[in-house]
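Everything below concerns the one structure shown next.
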Amino acid sequence: MPEKVHTRFDDSGDESAKPSTVSESIPVQNTGRKKNRSKKRKRDEPADQLQPPKADRENELHQRENSVTAAAAPIPAPEAKPAIEKVPSSSTATQPPKSKARPKPKPLVDHKTNFTSLREKANTLYEMRKKLPIFGHADEIRQNLRDHDVMLLVGETGSGKSTQIPQFLVNEFWCRPTPAKITKADGKEKSEMVGGCIAITQPRRVAAITLARRVAEEMGTPLGSSSPASKVGYSVRFDTSTSPSTRVKFLTEGMLLQEMLHDPWLTRYSAVVVDEVHERGVNVDLVVGFLRNLVSGKREGRGGIPLKVAVMSATADMESLLGFFQEGFKHPMRSQQAITNGEAEQDGQGTKEISVCHIKGRQFPVKTIYSPEPVHDFVDAALKVIYQIHYKEPMPGDILVFLTGQETVEVLEHLVNEYAVGMDPALPRIQVLPLFAALPQAAQQRVFAPAPPRTRKVVLATNIAETSVTVSGVRYVVDCGKAKVKQFRTRLGLDSLLVKPISKSAAIQRKGRAGREAPGQCFRLYTEKDYLTLDETTTPEILRCDLSQALLNMKARGVDDIVRFPFLTRPPREALEKALLQLLSIQALEETGGISETGLRIAKLPLTPTLGRVLLAAAENDANCLMDVIDIISCLSVENIFLNTNSEEKKEAAETARRDLYRREGDHLTMLATVRAYAAENADRKAWAERHLVSHRAMQSVMDVRKQLRTQCRQAQLLPRDEGHGQLSDPSPILILQSFLTGFAANTARLVPDGSYRTVVGNQTVAIHPSSVLFSKKVEAIMYNEFVFTNRTYARGVSAVQMDWVGEALAGS
DNA sequence: GAGCACTGC
């Protein structure tokens, strides 16, 4: 380990800049890079969302299963005028939210909503809205969508697009519900109202909820289901809050896809605003593809009433989107009829239907400082830059460091703290705060608290800080230029998780985090030459993932010819074929390629096709088997339910505490035992989870999924209608594992004489992941849910199976 | 002997 700090960071473009070597001033101890796991802090609970901590989480526990979100309901004021609208009693949205158990239950219903104070608040906010960069473009934007059906909008960060666009549009004439005659599938014409509502999609749940809350405030209306008069609502999984008067609805992309399964023409919407397209998750690609078909089609399902589409992105890469929509109008699905009506494009480019709008952001300048020479160890380099900043740059000004994963974060955390010990006491102090998704909620919250006096915060983050989390106070960004990327390898059916260079747009995004509140600086731990070789944009997820779920989605919406679907980025033919074969092997498709009855049922489940298939297979056994399989599938569709045990004592304790949960059959029956034990605990589930080193947070998600799946199974008549709180029967491991083999026959491996496992299909070496209860155990054959490459190929979610079951399952598919 | 980030009636 070098004792001196040689890396020098100069201001770019200024070769004569004074050397900023910090070796003289930093008391560098020879710490080296200890990978001492026992020094790792205990991580109690993996977190999933960064939301303000809920004080009443504990009380809420038993209400969770039936609760409707209403926590944000305005506190009713007695003098307020009641504003009750007549609403159809059949609407589920009108049901008053059940109040959560609180010390003093407050009425959460609308009757006495204080509309006067809501209005006052909105008036105050109006002054702030007027200062947003987008505000001056309101008329232009309205005109654009009057003249065109599609608008592409580049709005840099801080432009205010997500909150303002829906408000600009909601009172437009085309945004009113309009009576229309719709020809139904049976050929009959029916009169229905079309439109009236604006949907705004978001990639993340938190964003959808916080934006809805904000827009409700700005519009001076109560939020979602808190009042039947509420004009703004949201819809995310497990949490939908809308009212009969909802005009503006924020929802996740997945939720819109789900709505399209039932209403492919989106008849309740006059407009769909697709926000944050540049993030390019699979779902947004599907949404945009379906929307293109909708706007360029004949609109017969909407009685001819147009759907307005606004696609918004923070990056300037609009050419591909423009080309994408133009292509749709060039080969319009509306064909004959529209052309005779004179509606088709006039210049052959489809520009009549598409407008483009560019809004500047509100961002302070950020100076970029490159490493003068290539960096081999970015953790050491980051350490030096952190102290260089701390010694040279004035306070206040927190530092945000982008690293690749939990391990690099923890190593650097340790190093920074070690160096801080020998630091000049006259200098401000340093507070190191790690930030990654698996960090317990409470620890994540610490990054939002302002630093104590005379202290500089140093936040060490994974790319959770690139999009999901905004840390205030940051003026310096340190970017290692890398990120862990998940890539599905079609040919091997293998997911790999590897450290890769980021794209230019990701680098720009990271840099931007320094200029949110004041001018800032971004230290890139790579050379300018390296920067120039980076890809322009991050590879869209659709090119990096298993496509079976996306394809099943499309098939379920009647897209028969996948090859002709308008992909924003077309996946390679091989990947599409592989996914189709995969769907065929689980009987989700007919031999002809059309969706099967089984496939339709699977598509409606919030599960991957394979897990959906397993659920149906279990249902063919009996209700007990199905209930057990639901419990296991619920665990498989959330993050790891078992906490990592880093310290030695904890590890011992965990082994003992979990002994009664472990099952020799493998991880699946262990998960079942855990869910059963957790669900049976009626006194204090949180304490139970802590005792067993099980993540309480993950278990809450498990219970949410379990409830959702049970409900759907009852609706599909796979489970009896009545809850039937009878005695639990002993699980039948053989039936359960055979159900799983129906979906995972190809994910099996057998023990070979040298003691390793080889996949049954493909004969590849695979090791049991250390997190498995079967780790280092030898059984005849294993079945696994995931096949992942990190340092080597691992099987995760593993159970022991018999080779003859595998043979049967493979033959049956 | 190990866990980038999101998401779903």
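In what follows, every heavy atom counts, from backbone to side chain, and hydrogens, waters and symmetry copies are set aside. Per chain, numbering begins at 1; letters A, B, ... match sequence-line order.
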Problem set entry | Among A:S241, A:S243, A:S230, the one residue meeting side chain to side chain donor-acceptor pair (under 3.5 Å) with A:S225 | A:S241

Problem set entry | Closest nucleotide among B:dC6, B:dG1, B:dC9 to the A:F775 side chain | B:dG1

Exercise. Rounded to whole angstroms, how far apart are CD1 on A:I502 and C1' on B:dA5?
Worked result: 14 Å

Exercise. Within the structure, does a side-chain N or O atom of A:T467 lie under 4.0 Å from either OP1 or OP2 of B:dA5?
Worked result: no

Seminar exercise, completed: Exactly one of A:I602, A:L636, A:L709 clears side chain to side chain contact (heavy atoms under 4.5 Å, CB included) with A:L607, and that residue is A:L709

Exercise. With respect to the phosphate group of B:dC9, does any side-chain polar atom (N or O) of A:Q712 fall under 4.0 Å of OP1 or OP2?
Worked result: no

For this session: Let me see the working for A:C480 and A:V375 under side chain to side chain contact (heavy atoms under 4.5 Å, CB included), right down to the final yes or no.
Result: CA-CA 9 Å; A:C480 77; A:V375 164; over 6 Å; no

Seminar exercise, completed: Here the distance between atom P of B:dA2 and atom CD1 of A:I641, to the nearest Å, is 21 Å

For this session: Give the rounded distance in Å between these two atoms: CZ of A:F642 and P of B:dA2.
Result: 20 Å

Seminar exercise, completed: Separation of B:dC6 atom P from A:F238 atom CZ, nearest Å, is 16 Å

For this session: Report the residue (A:K486 or A:S637) whose heavy-atom-nearest nucleotide on DNA chain B is the more 5′ of the two.
Result: A:K486

For this session: Name the residue closer to the 5' end of DNA chain B, choosing between A:A483 and A:E259 according to the nucleotide with the nearest heavy atom.
Result: A:A483

Problem set entry | Closest to side chain of A:Y794, choosing from B:dT7, B:dA5, B:dG1 | B:dG1

Exercise. Is the shortest side-chain N/O distance from A:T790 to OP1 or OP2 of B:dA2 below 4.0 Å?
Worked result: no

Seminar exercise, completed: Considering only heavy side-chain atoms of A:T462, the closest of B:dT7, B:dA5, B:dG1 is B:dA5

Exercise. With a 4.0 Å cut-off on heavy atoms, is A:L605 in touch with a base, just the backbone sugar-phosphate, or nothing at all?
Worked result: base

Seminar exercise, completed: Sequence neighbours excluded, the answer for salt bridge (Lys or Arg N to Asp or Glu O under 4.0 Å) partners of A:R544 is none

For this session: Provide, to the nearest angstrom, the distance between the CG atom belonging to A:D704 and the C1' atom belonging to B:dT7.
Result: 14 Å

Exercise. How many Å lie between CZ on A:R714 and C1' on B:dC9, as a whole number?
Worked result: 15 Å

Problem set entry | Length of the line joining A:D285:CG and B:dC6:P, which is rounded to integer Å | 19 Å

Exercise. Which part of the nucleic acid does A:S776 contact within heavy-atom distance under 4.0 Å: base, sugar-phosphate only, or nothing?
Worked result: nothing

For this session: Quick one: closest heavy-atom pair of A:A208 and A:F250, and the distance?
Result: O-CB, 3.5 Å

For this session: Would you indicate which nucleotide in B:dC6, B:dC9, B:dT7 comes nearest to any side-chain atom of A:H262?
Result: B:dC9

Problem set entry | Rounded interatomic separation in angstrom, taking CG from A:L256 and P from B:dC6 | 21 Å

Exercise. Below 4.0 angstrom from OP1 or OP2 of B:dC9, is there any side-chain N or O of A:R237?
Worked result: yes

Exercise. Can you name the residues that form a salt bridge (Lys or Arg N to Asp or Glu O under 4.0 Å) with A:R268, not counting sequence neighbours?
Worked result: none

Exercise. Within the structure shown, what part of the strands sits under 4.0 Å from A:V499 by heavy-atom distance: base, sugar-phosphate, or nothing?
Worked result: nothing

